[in-house]
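Contents: one structure, followed by commentary.
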2 protein chains.
Amino acid sequence: METAEATAAERPGLRERKKQRTHDALLRAALELFTTQGYEATTVDEIAEAVDVSQRTFFRYFAGKEEAALAVIDLSQEHFVAALRARPAHEAPLEALRNAVLEGWDAIGEAVARIVPVDLYLRSYGMIESTPALLAAHLRRADEVAREIEAIVAEREGLDVRTDPRPRVAVAVFAGVMRVTERLWAMGGDLSMEAMRELTAAHLDAVRPSLAEKWRNS
Amino acid sequence: METAEATAAERPGLRERKKQRTHDALLRAALELFTTQGYEATTVDEIAEAVDVSQRTFFRYFAGKEEAALAVIDLSQEHFVAALRARPAHEAPLEALRNAVLEGWDAIGEAVARIVPVDLYLRSYGMIESTPALLAAHLRRADEVAREIEAIVAEREGLDVRTDPRPRVAVAVFAGVMRVTERLWAMGGDLSMEAMRELTAAHLDAVRPSLAEKWRNS
DNA sequence: TTGTCAACTGTCAGTGGCTGTCACTAGCCT
DNA sequence: AGGCTAGTGACAGCCACTGACAGTTGACAA
């Protein structure tokens, strides 16, 4: 049975809420400090102090400094995966991937906004791109997500990943293009979701022309 | 003027040779320890002790533990870039990339063998793939190499990377496919260069079919 | 309400990667 | 031979991270 709840909406109990608050506070403080004074220049002690908890507590909520820095982006990636799963079965693999990423942004923005200010989220991409240690961690996570996506695509088409190379290759192509897009967006001047959408569409459209034998004709 | 040299071939002086020996010894000891007892389980002190130098000296040769673990793979990537630069101008971009990687392996193997046993080099791919911290660092370096390649491809075709998306996209596609290939090869059973060549060719050939609208016809 | 249990937290001590400093040794060069 | 300096070891210290233990505070039942 569920425990006693005063109000309607399944309130999760004081303990749980407190935990959530501490978690979010740590996350916000971390991103705030990272984006203003830099990732490396920020110590875990500083973050903990800003939220008035012990350093040990920080490590009970996050496996490390990196995880705090990438938590929000992780969240957005999870949303992308969910968006892909929700695509209708009749769409071709790359069509589904494309639509999931293009249409998923708004939902992602909303989900993020419930935890941290959106501009903090957007700025964190720039921070990642210019911090070697973070970029490395980010790329590894992206690689893991790619594996998840491979499985989804394979299942959509009813194929076995181990025998048919197409799911993996298609996802690899998609992931590669998304990485370029992300890099250009994060380093470029316009850190808006609209800019991201346009860049993404443009680069995905450029895949076929890029594979052509001759580039000179256009 | 050059300094005095007893024998013919431009011997680099005792100091220089000593340095080279220490460097190589550290590299070999590190890889040996990493591949046998694991990366994380190996301390820098152990490596230093194995070569009988101080920990401080290790850090004068390598920026960190990671760099030691990835030094050989770095070398092989440099060789790949060189191989790409050496491709005849008439080859199409993806053709050049494909040929560079397929034909470059042997030269890479030889270059590596001059520093560490080849099997140590091959085994290090497995170690990287199964060590999160290393995989992260490796992917970041690969991303940097991709940027270098973009420039080369753009120059081959006389294009400006900032205005034409094709060089970046083409390289992104290529890099994505190479990453899948690498992962499968490293985790798979056959850690030979021949296996690598076959996997690479197969995956590159699978790009066009993977982009097709419908997959069911084949 | 109150007592018991379990979850959450702070404190402390310790490990390991990495860096700055400084004195010292040993190739190099005239 | 003797000065110069690159390369080294020894030492101290910072920071990310972890294990162990004890104190505090919600949760739940008697």
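Model, not experiment: these values are computed from the prediction. Chain letters run A, B, ... following the sequence lines, proteins first and then strands; every chain starts at 1.
A straight line from CZ of B:F62 to P of C:dT19 spans 14 Å, rounded to a whole angstrom. Atom-to-atom, CD of B:Q20 to P of D:dA6 comes out at 19 Å; the value is rounded to the nearest Å. A:Q55 places its CD atom 13 Å from the C1' atom of D:dG19, with the value rounded to the nearest Å. Atom CZ in B:F59 sits about 7 Å away from atom P in C:dG17, given to the nearest Å. In this structure, CZ of A:F58 is placed 18 Å from C1' of C:dT11, rounded to the nearest angstrom. For the pair A:L26 CG and D:dA16 P, the computed distance is 14 Å after rounding to whole Å. Between B:E49 atom CD and D:dT8 atom P the separation is 18 Å, expressed in whole Å. Atom pair A:E16:CD and C:dC8:P shows a separation of 7 Å (rounding to whole Å applied).
Contact annotation: side chain of B:R60 to base of D:dG9, donor-acceptor pair present below 3.5 Å. Counting atom types as modelled, A:R56 pairs a side-chain N or O with a base atom of D:dG19 as donor and acceptor under 3.5 Å. On a pure distance criterion of 3.5 Å, a polar donor-acceptor pair joins the side chain of A:R15 and the base of C:dA7.
Residues of residues 33-48 of chain B that place a heavy atom closer than 4.0 Å to DNA chain C, in numerical order, are B:T42, B:T43, B:V44.
Under 4.0 angstrom from either OP1 or OP2 of C:dC8 there lies no side-chain N or O belonging to A:K18. Within the 4.0 Å cut-off from OP1 or OP2 of C:dA7, not a single side-chain nitrogen or oxygen of A:K19 is found.
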May I have the step-by-step check of side chain to side chain contact (heavy atoms under 4.5 Å, CB included) for B:H203 and B:L199, ending in yes or no?
CA-CA 6 Å; B:H203 281 94; B:L199 263 181; 3.5 Å; yes

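Residue B:V53 has its side chain nearest to D:dG9 when only C:dC18, D:dG7, D:dG9 are considered.
The main-chain N or O of B:M193 is never found under 3.5 Å from a side-chain atom of B:W185 such that the two would form a donor-acceptor pair.
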Under 3.5 Å, which donor-acceptor pairs do the side chains of residues 38-50 of chain B form with other protein atoms, sequence neighbours left out?
unit_1: B:Y39; atom_1: OH; unit_2: B:E66; atom_2: N; d: 3.2
unit_1: B:T42; atom_1: OG1; unit_2: B:Q37; atom_2: OE1; d: 3.3
unit_1: B:T42; atom_1: OG1; unit_2: B:G38; atom_2: O; d: 2.6
unit_1: B:T43; atom_1: OG1; unit_2: B:E46; atom_2: N; d: 3.2
unit_1: B:E46; atom_1: OE1; unit_2: B:T43; atom_2: N; d: 2.9

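Position along DNA chain C of the nearest nucleotide to B:A63 versus B:R17 favours B:A63 as the more 5'-ward residue.
Residue B:Y61 is classed as a sugar-phosphate contact, given heavy-atom separations below 4.0 Å to backbone atoms only.
The pair A:R87-A:E103 counts as a salt bridge, with a side-chain nitrogen and a carboxylate oxygen less than 4.0 angstrom apart. The residues B:E129 and B:R179 are annotated as salt-bridged, a charged nitrogen and a carboxylate oxygen being separated by less than 4.0 angstrom. A salt bridge is absent between B:E150 and B:R147; no separation between the charged side-chain nitrogens and carboxylate oxygens falls under 4.0 Å. Between A:R141 and A:E144, no side-chain nitrogen of the basic residue sits less than 4.0 Å from a carboxylate oxygen of the acidic one, so the salt-bridge criterion is not met.
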